[in-house]
Amino acid sequence: MKLTTKIIEKSTAKAKLYRLTDGKGMYLLITKSGSKLWRLDYTLNNKRNTHALGVFPDVTLIEARALLSEAKKLISDGIDPNLYRKLKNDNLEKTTFEAIALQWHTKFSLNWSKEHSQRIFRRLEKDVFPWIGARQIKEITSGQLLSVIERTADRGALETAHRIHQNCGAIFRYAIATDRATNDITLALKGSIPPVKTKHHPVMV
């Protein structure tokens, strides 16, 4: 049964914790003290976890369902919503590369396939954030970004290195559009890493 605001408001504390379910894994956990907590139970990579969606009435039923949809999208893309929130909160209102990259990913991944979204997130998380994620985006130089890209190319992942170049270019342009950067430094790196070799197949005669 779907919850309504009236049902939620009428619910009262009991001797034990209990929950009112709303479907799709979301429920309202009512504590012994009477607090009403929005929660989502989910499984990712064979591990069960719980994602907090807020406290009623600060977060209304409609708002909780919207937050549920956002979390479900992340989970379907193979991204842990708890980790994603931590990354965002760690960079809240900051203009670091990581903060802006996460905003860019959130905005544009709505139109991407699950596989594409997941690949880009993991690429940034593994090969970019550890090196320049905490830096202010305006202060990153083309040389610093080139070092990041070359680190990937040097391990033989040349195609991934080119993808990083492309993704970072999109992130810098998003930063420019949102008045947090003035220059797309990726333009200066064009041609700075070898092209990916095209595999030629023998012609059958």
Side-chain angles (χ1 to χ4, degrees), residues 1-126 128-130 133-134 136-137 171 174-175 177-180:
M1 180 181 69
K2 287 284 188 179
L3 290 177
T4 65
T5 300
K6 190 173 183 179
I7 291 173
I8 296 169
E9 290 175 341
K10 284 187 174 181
S11 61
T12 58
K14 296 181 181 180
K16 294 183 178 181
L17 290 171
Y18 71 100
R19 63 178 65 182
L20 300 175
T21 59
D22 189 58
K24 298 182 179 180
M26 187 177 82
Y27 57 92
L28 190 70
L29 183 67
I30 302 177
T31 69
K32 291 185 287 185
S33 65
S35 296
K36 300 174 181 179
L37 315 174
W38 294 112
R39 294 290 184 265
L40 166 66
D41 286 342
Y42 65 98
T43 301
L44 186 64
N45 299 325
N46 297 318
K47 294 182 180 179
R48 289 186 59 80
N49 210 336
T50 299
H51 183 58
L53 298 170
V55 181
F56 183 88
D58 294 338
V59 175
T60 66
L61 175 59
I62 292 175
E63 290 170 339
R65 286 172 177 165
L67 292 171
L68 170 68
S69 296
E70 293 175 7
K72 285 284 191 179
K73 176 65 169 61
L74 290 172
I75 294 167
S76 69
D77 289 344
I79 300 169
D80 190 319
N82 286 338
L83 172 62
Y84 200 77
R85 172 183 288 166
K86 181 181 183 303
L87 290 172
K88 290 184 71 174
N89 288 344
D90 286 349
N91 293 289
L92 190 62
E93 295 183 357
K94 294 182 180 180
T95 53
T96 62
F97 179 87
E98 183 177 289
I100 295 171
L102 287 172
Q103 294 168 18
W104 167 79
H105 187 275
T106 300
K107 182 180 179 69
F108 290 97
S109 64
L110 295 174
N111 298 317
W112 298 339
S113 68
K114 170 183 174 180
E115 292 76 14
H116 186 60
S117 175
Q118 187 173 339
R119 278 196 301 270
I120 290 179
F121 183 82
R122 289 180 176 173
R123 187 182 301 143
L124 292 170
E125 186 180 35
K126 177 184 177 183
V128 183
F129 290 164
Q136 294 295 309
I137 198 163
I171 292 165
Y174 177 68
T178 54
D179 294 324
R180 288 174 290 181

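Quantities reported herein were computed from a predicted structural model and do not represent experimental measurements. For the numbers below, each heavy atom of this structure counts, side chains included, while hydrogens, waters and symmetry mates do not.
- Proximity of R39 to H51: side-chain heavy atoms (C-beta onward) are nowhere separated by under 4.5 Å.
- Under a 3.5 Å cut-off, the side chain of K36 and the backbone N or O of I8 do form a donor-acceptor pair.
- In summary, the side chains of R180 and Q103 do present a donor paired with an acceptor at a separation below 3.5 Å, with no hydrogens or angles considered.
- Using cut-offs of 30° and 60° on the angle between ring planes, the pair Y84 and F121 is tilted.
- Shortest non-hydrogen contact noted between R65 and L3 is NH2-O, 3.1 Å.
- If you take CD1 on I79 and CD on E125, they are separated by 8.5 Å, rounding to the nearest 0.5 Å.
- Judged by distance alone, with hydrogens and angles left aside, the side-chain atoms of E63 form a donor-acceptor pair with the main-chain N or O of T60 at under 3.5 Å.
- Taken from NZ in K16 to OG1 in T31, the straight-line distance is 15.5 Å, to the nearest 0.5 Å.
- Here the closest non-hydrogen pair linking L20 and S11 is CD1-CB, 3.9 Å.
- Taken to the nearest 0.5 Å, the OG1 atom of T106 stands 6.5 Å off from the CG atom of L102.
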| request: Give the intermediate values and the outcome of side-chain contact (heavy atoms from CB on, under 4.5 Å) for residues R123 and V128. | output: CA-CA 7 Å; R123 187 182 301 143; V128 183; 5.6 Å; no
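- Using cut-offs of 30° and 60° for the angle between ring planes, the F97 and F129 rings count as perpendicular.
- Taking the six-membered ring where the residue is Trp, W104 and F108 present tilted rings, their angle falling between 30° and 60°.
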| request: Could you please spell out the steps behind the side-chain contact (heavy atoms from CB on, under 4.5 Å) verdict for L28 and W38? | output: CA-CA 5 Å; L28 190 70; W38 294 112; 3.6 Å; yes
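- For the pair Q136 and T96, the minimum side-chain heavy-atom distance is below 4.5 Å.
- When atom types are taken as modelled, the side chain of T43 and the backbone of N46 share no donor-acceptor pair closer than 3.5 angstrom.
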| request: Starting from the C-alpha separation in whole Å, work towards a yes-or-no answer on side-chain contact (heavy atoms from CB on, under 4.5 Å) for L67 and V59. | output: CA-CA 10 Å; L67 292 171; V59 175; 4.1 Å; yes
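- Looking at residues two or more places apart in sequence or on another chain, you find a side-chain hydrogen bond (donor to acceptor under 3.5 Å, both in side chains) between T50 and D41.
- Taking the six-membered ring for Trp and the full ring otherwise, W112 and H105 have centroids separated by under 6.0 Å.
- Note that NZ of K10 and OG1 of T4 are 8.5 Å apart. Values are rounded to the nearest 0.5 Å.
- The two residues A101 and L124 have their closest heavy-atom pair at CB-CD1, 4.5 Å.
- For the side chain to side chain contact (heavy atoms under 4.5 Å, CB included) with R122, the lone residue among K126, Q118, R119 that qualifies is Q118.
- K2 is listed as a side-chain neighbour of D22, based on a closest heavy-atom distance under 4.5 Å.
- Side-chain contact between D80 and N49 is present, with heavy atoms from C-beta onward closer than 4.5 Å.
- Using a 4.5 Å cut-off on side-chain heavy atoms (C-beta onward), L40 and L68 make contact.
- Shown here is I62, whose CD1 atom has no more than 12 heavy atoms of other residues, nucleotides or ligands within 6.0 Å.
- To the nearest 0.5 Å, atom CD of residue E70 and atom CD1 of residue I75 are 12.0 Å apart.
- Side chain of S76 to main chain of K73: a donor-acceptor pair is present (N/O by atom type, distance under 3.5 Å, no hydrogens or angles).
- Annotation for A64 and L53: closest pair O-CD1, 4.2 Å, computed over non-hydrogen atoms.
- Heavy atoms only, all atoms of each residue included: S33 and A13 are closest at C-CB, 4.3 Å.
- In this structure, the side chain of K72 engages the main chain of K24 through a donor-acceptor pair within 3.5 Å.
- For the atom pair CG (L74) and OG (S109), the distance works out to 7.0 Å, reported to the nearest 0.5 Å.
- A donor-acceptor pair under 3.5 Å is formed between the side chain of R85 and the backbone N or O of A52.
- The side-chain tip of R19 points at the ring of Y27 from less than 6.0 angstrom away and within 45° of straight on.
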